[in-house]
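The shown structure was predicted, so the numbers you read here are calculated from the model rather than taken from an experiment. Labels below follow one simple rule: chain letters A, B, ... track the order of the sequence lines, proteins then strands, and each chain is numbered from 1.
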Amino acid sequence: MSTETGTGQAVSATETMTIREAIREALREELARDEDAFLMGEDIGTFGGVLSVTGDLVDDFGEERVRDTPISEAGFMGAAVGAAATGTRPIVEIMFSDFLGVCAEQILNQMAKNRYMFGGKAEMPVTVRTTEGGGMGAASQHSGTIHTWFAHLPGVMAVTPGSARAAKGLLKSAIRSDDPVFFFENKDIYEQEGEVPTDEDYTIPLGQASVEREGDDVTVVATQRCVGESLDLAEELAGETSVEVIDLQSLYPMDTETLLESVEKTGRLIVADESPLSYGTHAEVVARVQERGFFSLDAPIQRVGVPDTHIPFSPALEREVMPDADGIQAAIDRVV
Amino acid sequence: MSTETGTGQAVSATETMTIREAIREALREELARDEDAFLMGEDIGTFGGVLSVTGDLVDDFGEERVRDTPISEAGFMGAAVGAAATGTRPIVEIMFSDFLGVCAEQILNQMAKNRYMFGGKAEMPVTVRTTEGGGMGAASQHSGTIHTWFAHLPGVMAVTPGSARAAKGLLKSAIRSDDPVFFFENKDIYEQEGEVPTDEDYTIPLGQASVEREGDDVTVVATQRCVGESLDLAEELAGETSVEVIDLQSLYPMDTETLLESVEKTGRLIVADESPLSYGTHAEVVARVQERGFFSLDAPIQRVGVPDTHIPFSPALEREVMPDADGIQAAIDRVV
Amino acid sequence: MVTIDIKAESGQREMLRRMLTIRAFDTRAGELFADGELPGFVHLYIGEEAVGVGAISALEPDDYITSTHRGHGHCIAKGLDTYQMMAELYGKRDGYCNGKGGSMHIADVDAGMLGANGIVGAGPPLATGAALTASYKDEDRVALAFFGDGAVAQGQVHEGINLAATWDLPAIFVVENNHFGEATPVENQHNVEHLSATAEAYNIPGFTVDGMDVTAVYEAVEEARARAAAGDGPTFIEADTYRYKGHFEGDHEPYRTKDDIDDARERDAIDRFKTRLVDAGVITDAEFDDLEAEVEAEIDEATERAQDAEYPDPSEAYEDMFGAHVPEIEEFAARVRTDGGERQ
Amino acid sequence: MVTIDIKAESGQREMLRRMLTIRAFDTRAGELFADGELPGFVHLYIGEEAVGVGAISALEPDDYITSTHRGHGHCIAKGLDTYQMMAELYGKRDGYCNGKGGSMHIADVDAGMLGANGIVGAGPPLATGAALTASYKDEDRVALAFFGDGAVAQGQVHEGINLAATWDLPAIFVVENNHFGEATPVENQHNVEHLSATAEAYNIPGFTVDGMDVTAVYEAVEEARARAAAGDGPTFIEADTYRYKGHFEGDHEPYRTKDDIDDARERDAIDRFKTRLVDAGVITDAEFDDLEAEVEAEIDEATERAQDAEYPDPSEAYEDMFGAHVPEIEEFAARVRTDGGERQ
Ligand SMILES: Cc1ncc(C[n+]2csc(CCOP(=O)(O)OP(=O)(O)O)c2C)c(N)n1
Ligand SMILES: Cc1ncc(C[n+]2csc(CCOP(=O)(O)OP(=O)(O)O)c2C)c(N)n1
Ligand SMILES: [Mg+2]
Ligand SMILES: [Mg+2]
């Protein structure tokens, strides 16, 4: 227990918990808070989710509100859209983000477009939770990072927490939002611990980044697992190079202002994210910062990500392609 | 009939034809050339395709090779993958690119990943043709531009021709390729005419851009419909501002070298493409050019695209959000 | 209470009126499209009126429907306003979607009309979701999905039905088998003789009814609704029907002959229902003519008003993407609309 | 010619051997996983051996199969090498995928094994595609798709079957109904008693066979293959079976009791087939024990060799994305591997 000041919101007591626990607590609190909210997904009930995120929630809320589904992602994603349009607040779990292709249509043409196509006359309060990333030896069909697709898709929001605090604060905002929000977990950091405000009304606004560590020489803006990698590296480099680390938190909307402020100070930017590099999340950060911060930049913005491969199975190969502190270090070396 | 030198390839006779015709001729020539190649899609046979691209091909090649399918994009995209892996060369038409969500799984996890997951021991010679873009009053579910998704997806290539010549040359390369290639047509320019080499072996390598007009003051790199918009604008501005226009042609692989050379000369870059701006195709061009051409740049790179909306139905609204010469002009004004 | 009581004479007349309204509306839409008045695609429901009217009349007013690209008939049967529909076809601000949706996206969520849909097969999972809301909230409502014979080849249709069947949700699935998916005959899309065989895969009741007999459709849906409301799960109904016009306006129809269409017209749903009502003394020929004239006048007025109505302001293109404020849209808009809110 | 002639005694012994090999391989894989030797996920086929062996033995050697996440049994039945399989489970370069795929992606396209698959339901459209190749090239080959009871809820399974049925392709669809999709019982995924009812939706023959009787599976597939090869289209076969181990290794199995598993073991396919062969005098108990020992020795050797085999070089991670040369991959690799090809 300690006190801290979160980004933009004064908070009091905190508790140490893992990202997995933070997600579960956010779900628990929001289910308790709003009886229109319910969970839907494969084996999220008694089984507790294959990566044990939903855990015991079914015991507290029952099978109607923590609903196991057949293996029909398109069917239940569509059902979530139909349910949301008619007055409920579905929270969908897609077991691995690689399975989003199975239900992409209902996202692309229904969830994302209904409000606009209908002239604003439809609410779409859906939250989609899913897990991304390598590190488990789960091979190419269970290790992808696909959040750029949804960050690019007009009509949905996308967030990518890099800490337990961000996980809880963003998930609660996502659930409360009347717009569709994609919440991208990273399976490699479920056990990462952090301080999380206990206040049940602690939320982080969608569209807000968080400066996790201040620094003067170079800014690293990171997502998900790369936030921790960056913080560790910054700590290691302390004294030598002063690294500012920002958790982007929200891919869309994006908190461009916070990035610009930081780059104004450091003049150098590294973007670290586990999506494949080409047309990846990094590129949008680059585009925005150079657009509005061109004259602050002293060096080209560097990108650290997956080198346009899939995630291979073998442990000898998998870590090779995953962005990590080494890659961030190399990027810093190129510009500092 | 005239003679010209295409990008990177000496060619002789040309013929004036529309983009629609250029595509059909590429299909005709490649079907004639390789009996393992066949077309598959909805109403592409006797009906000739809803946008009349396949036209009379069924008369020449029969129903086995110009195969009408049920409305089962996931089924026949998957069948194309299975067929390609076992020795044929399928060319799939997805009627509108917005329908790619319906069959995204077979693309994302099968077509794109098989070769890699299998340690290189699978060929995947599939071509996917589809049509993108606004301008027909077809509303949000039939007007999207989604090529960034596939440019970002490791394991597939993506091309976006902006002229009849590019359409023919790239489609032939796509069909001959043993890798999956997405060929993104733009429905608003099917009637656009241009000179096309008649040589049946004229192809444009995947991964090659084309300088369509030389200039000194600013470079506009464009795709699809925006190529013509840029050329018209360049013509209009001639004398005043000297605009170099590049048809990017290939999103992935991307011909970064040609862009860098141009920017070295002009110092200013505009990227014009019909994808939604955030995390759009533009951003990758920006990221690469600033990475390797940082010190050539005299001004921030500007993006012209769809302002993160869907394409609305009403003619009063549709043209408002479509990138065009006005938007490119405004971008030039910001930096020249 | 059903939307329209088919046992009452007034109900029968109202069903006839709605069928006539659909025919008049879509005949007009076809003409306007041919005249180049309407942008985009227009898919007409002419010939299939008995399906939409029969099915929706048997629902309760609060029930939900999901529709297709061929949605005008479902809208009118659900009681939507023809002026707001026509205004939408023109892309005018008074339209159901303020001009943003057009023919393929007319929706009125408050009225239980969850949207026409440009994606073949997308409706059934949405209907399953609406049925899930009803079940979750313990409301006496059911959801009915209309979809075409072609759509039965879409996986998500199966997923939607399987979910509803497994969860015993109050849903009804209605295939409008008009014998073609665009230019492709149903025989080239499926291997079954009757699409109602699909029901077997989910162990739910499946029927094929004469989709050009409004009474037959009504009765099948009335029964299905009772089953759904009783917690006995979904029903699958195939309505055998026919579209008289091309797939979309402009279709050159190489896939059938004029005789094929004439054959279908012999079973015309409006003619048959009219004859039945005249025979039963519910309506006279003269009253029928009056009804037709009334309907025609309504469509005239709707069309004229729609023609005169205002287009949305171009700046409205940037609205309605989200409920929340999203700064990027504003910023991007500002780049194009540099000159005091006007596009450059 | 069938892969294994069940009428010949040697064929019967070979089928028994393959079942034993699957069980020994997967038992070992389970142990190795529990010991932390194998990375990733491992899904075991123990209990279901009769399905893979029965089905594939009745195919011709050139025929295609598509598999699932639970693919080891299909690989062994298809004649794949246990060393190369085990090496793949370890992520070694000698593995079928050079270590890139792992348990869930073992493939040997040349042998007609089109891949294990981590996506539930992805196989049937692929099999339809392989059947399309056979039909397009007029080759005497069929394609058989294995998939689970859970997968039947996937839309793309339906699309694949519908295409094959509509086009009369030489395909066979085999559901391995082991009564669970992960932790969810089949009753919570479907509304039908027998999944073979699915066939009705496509008007193709559908059967439920005892999936723990290798002969029953064999005969059903033999018939289906004849039908497919004759141009009479696909068959849908439900094999009623059971998995003895958890969904994946590590599953705590809250969804069933030890008794449930013991009940299934009473029907054990290997025991029953062995008894039958012993009774028929095809094999003696002693010969069976020898066979088991031989198989065990093969797995020992495969495991030892796999343990000793080399990992791929990290630089191989950048290979095999495309047939063509793609400069970006090289360039991105160079950024990480700055120091003479070594990762920084
Ligand atoms: C997923 C998808 N694929 C293809 C299309 C193009 N398309 C629009 S309508 C149509 C035919 C639909 O046939 P059917 O379901 O029988 O409905 P009908 O038009 O006959 O009413 C097709 C193929 C689409 N809109 N969506
Ligand atoms: C599209 C998709 N959804 C979910 C999963 C996660 N998953 C892997 S195996 C499995 C259960 C599959 O059940 P079934 O088809 O019966 O096969 P079984 O495991 O019983 O052999 C699930 C849900 C997946 N791999 N792919
Ligand atoms: Mg139809
Ligand atoms: Mg199962």
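- For Gln141(B) against Lys113(A), the heavy-atom pair with the smallest separation is CA-NZ, 4.0 Å.
- Contacts with chain B were tallied for Gly293(A), Ser278(A), Ala104(A), Ala287(A); Ser278(A) has the most, counting heavy-atom pairs under 4.5 Å.
- Of the listed residues (Glu291(B), Gln106(B), Met117(B)), the greatest number of heavy-atom pairs within a distance under 4.5 Å of chain A belongs to Glu291(B).
- Looking only at heavy-atom pairs under 4.5 Å with chain A, the residue among Val285(B), Leu277(B), Leu153(B), Thr148(B) that has the most is Thr148(B).
- For the atom pair CZ of Phe99(A) and CG of Asn109(B), the computed distance is 8.0 Å after rounding to the nearest 0.5 Å.
- With contacts defined as side-chain heavy-atom distances shorter than 4.5 Å, the pair Tyr279(B)/His147(A) does not qualify.
- The residue among Pro154(B), Gly144(B), Cys103(B), Pro312(B) with the most heavy atom pairs within less than 4.5 Å of chain A is Pro154(B).
- Neither the backbone nor the side chain of Ala74(B) comes within contact range of chain A, judged by heavy atoms closer than 4.5 Å.
- Contacts with chain B were tallied for Pro276(A), Gly280(A), Pro300(A); Pro300(A) has the most, counting heavy-atom pairs under 4.5 Å.
- Most heavy-atom pairs under 4.5 Å with chain B: of the set Arg292(A), Glu105(A), His152(A), this distinction falls to His152(A).
- Heavy atoms of Ile146(A) lying under 4.5 Å from chain B belong exclusively to its side chain.
- Between atom CD of residue Glu284(B) and atom CD of residue Glu284(A) there is a gap of 11.5 Å, rounded to the nearest 0.5 Å.
- Contact annotation for Phe313(A): neither backbone nor side-chain heavy atoms come within less than 4.5 Å of a heavy atom of chain B.
- With a threshold of 4.5 angstrom between heavy atoms, Asn114(A) does not approach chain B through any atom at all.
- With a 4.5 Å cut-off on non-hydrogen atoms, Phe294(B) touches chain A through its side chain but not through its backbone.
- Looking only at heavy-atom pairs under 4.5 Å with chain A, the residue among Ala139(B), Gly155(B), Ala283(B) that has the most is Ala283(B).
- In this structure, no portion of Ile107(B) lies under 4.5 Å from any heavy atom of chain A.
- Here the CD1 atom belonging to Ile311(B) is positioned 7.5 Å from the OH atom belonging to Tyr116(A), to the nearest 0.5 angstrom.
- In this structure, Trp149(A) and Phe150(B) have tilted ring planes: the angle between them lies in the 30° to 60° band.
- For the pair Arg115(B) and His310(A), the minimum side-chain heavy-atom distance is 4.5 Å or more.
- Heavy-atom pairs under 4.5 Å with chain B were tallied for Leu100(A), Leu297(A), Val271(A); the largest tally goes to Leu297(A).
- Of the atoms belonging to Ala151(A), heavy atoms from both backbone and side chain fall under 4.5 Å from chain B.
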